[in-house]
Colleague: 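Right, I'll just put the structure down here and ask away after.
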Amino acid sequence: MIGQTISHYRIVEKLGEGGMGIVYKAHDTKLDRLVALKFLPQQMTISKEDKARFLQEAKAASAVMHPNVCVIHDIQEHEGQQFIVMEYVDGQTLSKKAVGADHRSALNVNEAIAYAIQIGEALQEAHSKGIVHRDVKTDNIMVNTKNQVKVMDFGLAKLKGSLKLTRTSSTVGTLAYMAPEQIQGGEVDARSDIFSFGVVLYEMLTGHMPFRGEHEAAMVYS
């Protein structure tokens with residue numbers, strides 16, 4: 001899709017793929033700015049559940065207007081594929097920024113605290129609107145070139161009162177960050193995000209995870 005123009009967005013490069021979408025960097029030719037376009041993977045478009053979850057991500061994230069939350073600009077469709085137009089964050093994930101090559105923290109305590117405050121404020125804003133992120137991890141947090149945190153990917157977010165869209169055959173989120181009640185398939189709330197936030201803070205300070213294991217069962221036991 002590189003070089004292709006969709007609506008008034010010209011695809012510049014592919015930024016990544018995984019989980020709930022494929023993300024491209026694009027040039028908004030109408031407003032002359034860089035944006036990110038997040039598409040559902042082609043093989044997932046047949047599932048109404050996945051489409052619903054994708055739209056729920058946009059709805060959840062767009063309800064949170066905060067400097068530390070990635071801005072959602074629009075939702076559009078191209079050849080049957082829905083995509084979200086969102087803020088392009090020039091920077092790197094917190095996982096890359098925080099963990100050094102020797103698996104020690106690449107951050108000093110003051111840097112970790114500064115990032116933690118921004119993440120906490122973003123989550124506080126989301127929670128005040130009844131939104132639980134449910135997938136807080138360093139891979140879902142970007143740090144831009146101005147050293148500002150942007151919490152990304154509300155694809156697993158659960159809006160209070162919304163349709164429950166989680167697959168029953170799989171556990172959402174990333175196991176190493178998940179609160180016990182989430183691992184057990186129970187109801188989650190803001191406290192589940194706070195647990196995951198605690199894991200993120202531990203990772204920022206130490207460079208490794210508090211809970212580890214060679215396989216899922218070992219991780220759950222930990």
Colleague: For Y202, is there any backbone N or O sitting under 3.5 Å from a side-chain donor or acceptor partner on T206?
Modeller: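 Yes, the answer is positive, given that a donor and an acceptor are paired below the 3.5 Å cut-off.
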Colleague: Carefully, step by step, assess L31 and H8 under the rule side chain to side chain contact (heavy atoms under 4.5 Å, CB included).
Modeller: CA-CA 9 Å; L31 296 177; H8 54 276; 5.9 Å; no
Colleague: What's the separation between atom CG in L37 and atom CD in Q76, rounded to the nearest 0.5 Å?
Modeller: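 L37 CG to Q76 CD: 8.5 Å, rounded to 0.5 Å.
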Colleague: Kindly give the heavy-atom pair with the smallest separation between A179 and F195, and that separation in Å.
Modeller: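 Where A179 meets F195 most closely, the heavy atoms are CA-CD2, 3.4 Å.
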Colleague: How many angstroms lie between atom OG1 of T174 and atom NZ of K137, to the nearest 0.5 angstrom?
Modeller: 2.5 Å
Colleague: Between atom CG of N144 and atom SG of C70, what is the distance when rounded to the nearest 0.5 Å?
Modeller: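 Spacing of CG (N144) from SG (C70) equals 11.0 Å.
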Colleague: Below 4.0 angstrom, N of the basic side chain to O of the carboxylate: do D189 and R191 qualify?
Modeller: yes
Colleague: Picking from E187, R134, E181, what satisfies side chain to side chain donor-acceptor pair (under 3.5 Å) with S192?
Modeller: E181
Colleague: Could you report the tightest heavy-atom contact between T93 and S95, atom names first, then the distance?
Modeller: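 Scanning both residues completely, I find the closest heavy atoms to be OG1-OG, 2.9 Å.
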Colleague: Under 3.5 Å, is there a donor on one side chain and an acceptor on the other for H73 and D28?
Modeller: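 Per modelled atom types, H73 and D28 side chains form no pair under 3.5 Å.
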Colleague: With a 3.5 Å distance limit and no angle check, can you tell me whether H133 reaches the backbone of M152 through a side-chain donor-acceptor pair?
Modeller: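 Yes, the answer is positive, given that a donor and an acceptor are paired below the 3.5 Å cut-off.
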Colleague: Side chains of D135 and N140: is there a donor and an acceptor less than 3.5 Å apart?
Modeller: yes
Colleague: Does M1 share a hydrophobic cluster with Y9, counting links as ILVMFWY side-chain heavy atoms below 4.5 Å and allowing steps through other members?
Modeller: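 Shared cluster, yes.
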Colleague: Verify the neighbour count for atom CD of Q124: are there more than 12 heavy atoms of other residues, nucleotides or ligands below 6.0 Å?
Modeller: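 Atom CD in Q124 is not packed in, count stays at 12 or less.
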Colleague: Does K96 NZ have over 12 foreign heavy atoms under 6.0 Å away?
Modeller: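 For K96, atom NZ is not crowded (no more than 12 foreign heavy atoms under 6.0 Å).
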Colleague: For A60 and I131, work out which heavy atoms get closest and say how close.
Modeller: O-CD1, 3.3 Å
Colleague: Within this structure, what is the CD-CD1 distance for the pair E13 and I2, rounded to the nearest 0.5 Å?
Modeller: 7.0 Å
Colleague: Run the side chain to side chain contact (heavy atoms under 4.5 Å, CB included) test on K25 and L34 for me, step by step, so that the C-alpha distance in whole Å, both residues' side-chain angles and the decisive distance to 0.1 Å come before the verdict.
Modeller: CA-CA 7 Å; K25 178 181 177 181; L34 289 173; 3.7 Å; yes
Colleague: V85, M142: one ILVMFWY side-chain cluster at the under-4.5 Å cut-off?
Modeller: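 No, V85 does not connect to M142 through the hydrophobic network.
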Colleague: How far apart are the closest heavy atoms of E87 and V69, and which atoms are they?
Modeller: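 Closest pair (atom of E87, atom of V69, distance): OE1-O, 4.0 Å.
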Colleague: For a quick test of reading the model, state the closest non-hydrogen atom pair linking A106 to E111 and the distance between them.
Modeller: O-OE1, 4.2 Å
Colleague: Just verifying a value: how many Å separate L123 CG and D193 CG, rounded to the nearest 0.5 Å?
Modeller: 5.5 Å
Colleague: Report the C-alpha distance between F83 and I22 in whole Å, list the side-chain angles of each, state the deciding distance to 0.1 Å, and finish with yes or no for side chain to side chain contact (heavy atoms under 4.5 Å, CB included).
Modeller: CA-CA 9 Å; F83 64 93; I22 304 172; over 6 Å; no
Colleague: Quick check on side chain to side chain donor-acceptor pair (under 3.5 Å): which of N68, N147, T138 does Y115 satisfy it with?
Modeller: N147
Colleague: If Ile, Leu, Val, Met, Phe, Trp and Tyr residues are connected whenever their side-chain heavy atoms lie under 4.5 Å apart, and connections chain through other members, are L205 and I141 in the same group?
Modeller: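 Same hydrophobic cluster.
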Colleague: Give a yes or no answer on whether the side chain of K150 reaches the backbone of P67 with a donor-acceptor pair at less than 3.5 Å.
Modeller: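 Judged by distance alone, yes, a pair lies under 3.5 Å.
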Colleague: Using the rule that two of Ile, Leu, Val, Met, Phe, Trp, Tyr join whenever any of their side-chain heavy atoms come within less than 4.5 Å, decide whether Y177 and Y221 are in one cluster.
Modeller: no
Colleague: OG/S128 to NE2/H66 distance, rounded to the nearest 0.5 angstrom?
Modeller: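 Between S128 OG and H66 NE2, I get 9.0 Å after rounding to 0.5 Å.
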Colleague: Dump the intermediate steps for side chain to side chain contact (heavy atoms under 4.5 Å, CB included) on E203 and H208, then the final yes or no.
Modeller: CA-CA 5 Å; E203 185 180 3; H208 58 81; over 6 Å; no
Colleague: Check this for me, if you would: do D153 and K38 make a salt bridge, where the nitrogen-to-carboxylate-oxygen distance has to be below 4.0 angstrom?
Modeller: yes
Colleague: Please answer: with hydrophobic residues joined when any side-chain heavy atoms are less than 4.5 Å apart, are I119 and V71 in the same cluster?
Modeller: no
Colleague: Minimum heavy-atom separation for M204 to L94, with atom names?
Modeller: SD-CD2, 3.7 Å
